[in-house]
Amino acid sequence: MKVLGIETSCDETGVAVYDTAAGLVAHALYSQVGLHEEYGGVVPELASRDHVLKLVPLIRETLADAGIGLGELDGIAYTAGPGLIGALLVGAGVARALAFALGKPAIGVHHMEGHLLAPLLEAGAPKPPFVALLVSGGHTMLMAVDAIGRYRLLGDTLDDAAGEAFDKTAKLMGLPYPGGPAIAKLAETGRDRFDFPRPMTDRPGLDFSFSGLKTQVLLAYRAHGPEAAADIARSFEEAVVETLATKCRRALRETGMRTLVVAGGVGANLKLRAALEGAARREGFRVAFPRPEFCTDNGAMIAFAGALRLRAGLHDEAPIRVFPRWDLEGLPAVA
């Protein structure tokens, strides 16, 4: 089954073709970072308009790279949420129009399920059950994955997501958007000399909170000025990484699972990868990441997640529906 995947939930236009027999055939991504950089964050209306301009040419490019025509597709998958409603509607509208014209089934994919399954695109990928850390600009959560489509929320962020904290911290220090790569690069030249908190690691539970840490960074920056920026960035990154690693290890102990999957944009952070790989070696569990290009939003994860559901006989009816907010636990299981 050959499935076209379309991702337009925020500020990246992603398209891919996934073949259930041959794997990932082709994928392409257009990032809007340059468009939103001057505003210090994503402007929803600009994001939607840019998806309108870029999506159809990107579909043509991806199909050409795959060496197939529209008529050879067996289904269309698209991000139906969560995300920016205008951006979601662009991808959903194009996907449903293509499916109707081709007489093929279409399915709306949960954006976070796409991220959760992205590590399974890699060779030798783990199979459920496992614990998944979904960590990005909009989400920081721990899920127990009992099977594809059977998810249990173990812990969530009570305020800022980790990626959001990176972006806001970068902005208050005058660093460019997106904040994660900017903080990580600056941290390379700094020392871990500020004693920032590891939020909620000193109490039971698997929830996260990063707003207080962000406030501590602001106070340190005001007190020490730009000359301490590299040290502040290093200490902030260390605090976030240690917090995430501590909660992941706790989730594995509490569930009894021995495999951890990490997905989402912050999953590309090298310090986080090193910390979790080191813990895995010491404590005897397995950790799996997607390749860095599949940590951020992309069409490959949507094509893959959609292909699994379409192959199982699941599909959506004709009305176009998108969900700016969408509970991951409410998805139907994949047989």
Side-chain angles (χ1 to χ4, degrees), residues 110-157 161-163 165-166 180 184 198-210 237-298 300-301 304-305 308 328-329 331 333-334:
H110 194 295
H111 180 76
M112 296 312 294
E113 182 177 49
H115 276 302
L116 187 154
L117 298 179
L120 277 59
L121 283 163
E122 307 299 340
K127 295 181 180 180
F130 53 75
V131 170
L133 172 67
L134 301 177
V135 57
S136 65
H139 300 83
T140 301
M141 59 179 70
L142 283 162
M143 304 293 300
V145 179
D146 298 310
I148 305 300
R150 289 176 53 201
Y151 310 125
R152 292 180 287 120
L153 181 65
L154 301 174
D156 202 350
T157 181
F166 269 104
R198 274 56 173 164
M200 299 184 70
T201 58
D202 58 348
R203 67 190 77 174
L206 296 170
D207 287 332
F208 301 90
S209 172
F210 293 103
E237 184 182 41
E238 294 284 354
V240 173
V241 165
E242 187 174 333
T243 299
L244 293 172
T246 297
K247 294 298 179 103
C248 287
R249 293 161 57 216
R250 185 179 297 175
L252 290 168
R253 289 196 301 269
E254 292 186 6
T255 61
M257 296 181 183
R258 303 306 300 159
T259 301
L260 173 70
V261 162
V262 182
V266 182
N269 182 278
L270 296 179
K271 286 285 181 62
L272 177 61
R273 290 186 174 226
L276 290 173
E277 287 168 348
R281 287 192 297 271
R282 291 191 303 272
E283 300 177 26
F285 63 86
R286 180 183 179 186
V287 61
F289 304 89
R291 69 194 76 169
E293 65 185 306
F294 291 159
C295 286
T296 53
D297 295 351
N298 62 87
M301 68 184 192
F304 177 57
L308 295 181
L328 187 58
E329 292 179 285
L331 295 179
V334 176

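Note that this is a predicted model, so its numbers are computed, not measured.
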Measure the [atom1]-[atom2] distance between [X] and [Y] for me, rounded to the nearest 0.5 Å.
| X | Y | atom1 | atom2 | result |
| --- | --- | --- | --- | --- |
| K127 | I148 | NZ | CD1 | 10.5 Å |
| H110 | L117 | NE2 | CG | 11.5 Å |
| M257 | F130 | CE | CZ | 9.0 Å |
| L331 | M112 | CG | CE | 11.5 Å |
| L260 | L133 | CG | CG | 6.5 Å |

Heavy-atom side-chain proximity of [X] to [Y] below 4.5 angstrom:
| X | Y | answer |
| --- | --- | --- |
| T246 | E242 | yes |
| F289 | R273 | yes |
| T255 | L154 | yes |
| E329 | M143 | yes |
| L134 | Y151 | no |
| T157 | S209 | no |

Identify the heavy atoms of [X] and [Y] that sit nearest to each other, and give their distance.
| X | Y | result |
| --- | --- | --- |
| E238 | K271 | OE2-NZ, 3.6 Å |
| A275 | V241 | CB-CG1, 3.6 Å |
| S136 | G264 | CB-CA, 4.4 Å |
| A125 | P119 | CB-O, 3.6 Å |
| D207 | G155 | OD1-CA, 3.4 Å |
| V262 | P290 | O-CD, 3.0 Å |

Donor-acceptor contact below 3.5 Å, side chain [X] vs main chain [Y]:
| X | Y | value |
| --- | --- | --- |
| E277 | V287 | no |
| R249 | A280 | no |
| R152 | V145 | no |
| T259 | R286 | no |
| R250 | G205 | yes |
| K247 | M200 | yes |

TODO: Going by the side chain to side chain contact (heavy atoms under 4.5 Å, CB included) test, name the single residue among L142, L272, L206, V131 that passes it with C248.
DONE: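 So, applying the side chain to side chain contact (heavy atoms under 4.5 Å, CB included) to C248 and each of L142, L272, L206, V131, only L142 qualifies.
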
Task: F304: partners by ring-ring contact (aromatic ring centres under 6.0 Å, His included), with sequence neighbours left out - done: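 Testing F304 for ring-ring contact (aromatic ring centres under 6.0 Å, His included), a comparison that skips the adjacent residues, returns Y18.
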
Task: By ring-ring contact (aromatic ring centres under 6.0 Å, His included) - contacts of F208 (at least two apart) - done: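 If we apply the ring-ring contact (aromatic ring centres under 6.0 Å, His included) test to F208, skipping adjacent residues, there are no hits.
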
- [ ] For M301 and L116, run side chain to side chain contact (heavy atoms under 4.5 Å, CB included): C-alpha distance rounded to whole Å, both residues' side-chain angles, the deciding distance at 0.1 Å, then the answer.
- [x] CA-CA 9 Å; M301 68 184 192; L116 187 154; over 6 Å; no

- [ ] State whether a side-chain donor-acceptor pair under 3.5 Å links D156 with H139.
- [x]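 No, no side-chain donor-acceptor pair sits under 3.5 Å.
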
TODO: Mind running side chain to side chain contact (heavy atoms under 4.5 Å, CB included) on N269 and V240 for me, showing each step along the way?
DONE: CA-CA 11 Å; N269 182 278; V240 173; over 6 Å; no

Open item on the list: If you count every heavy atom of other residues, nucleotides or ligands that lies below 6.0 Å from L153 atom CG, does the total exceed 12?
Closed with: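 Yes - once you tally the heavy atoms of other residues, nucleotides and ligands closer than 6.0 Å, there are more than 12.
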
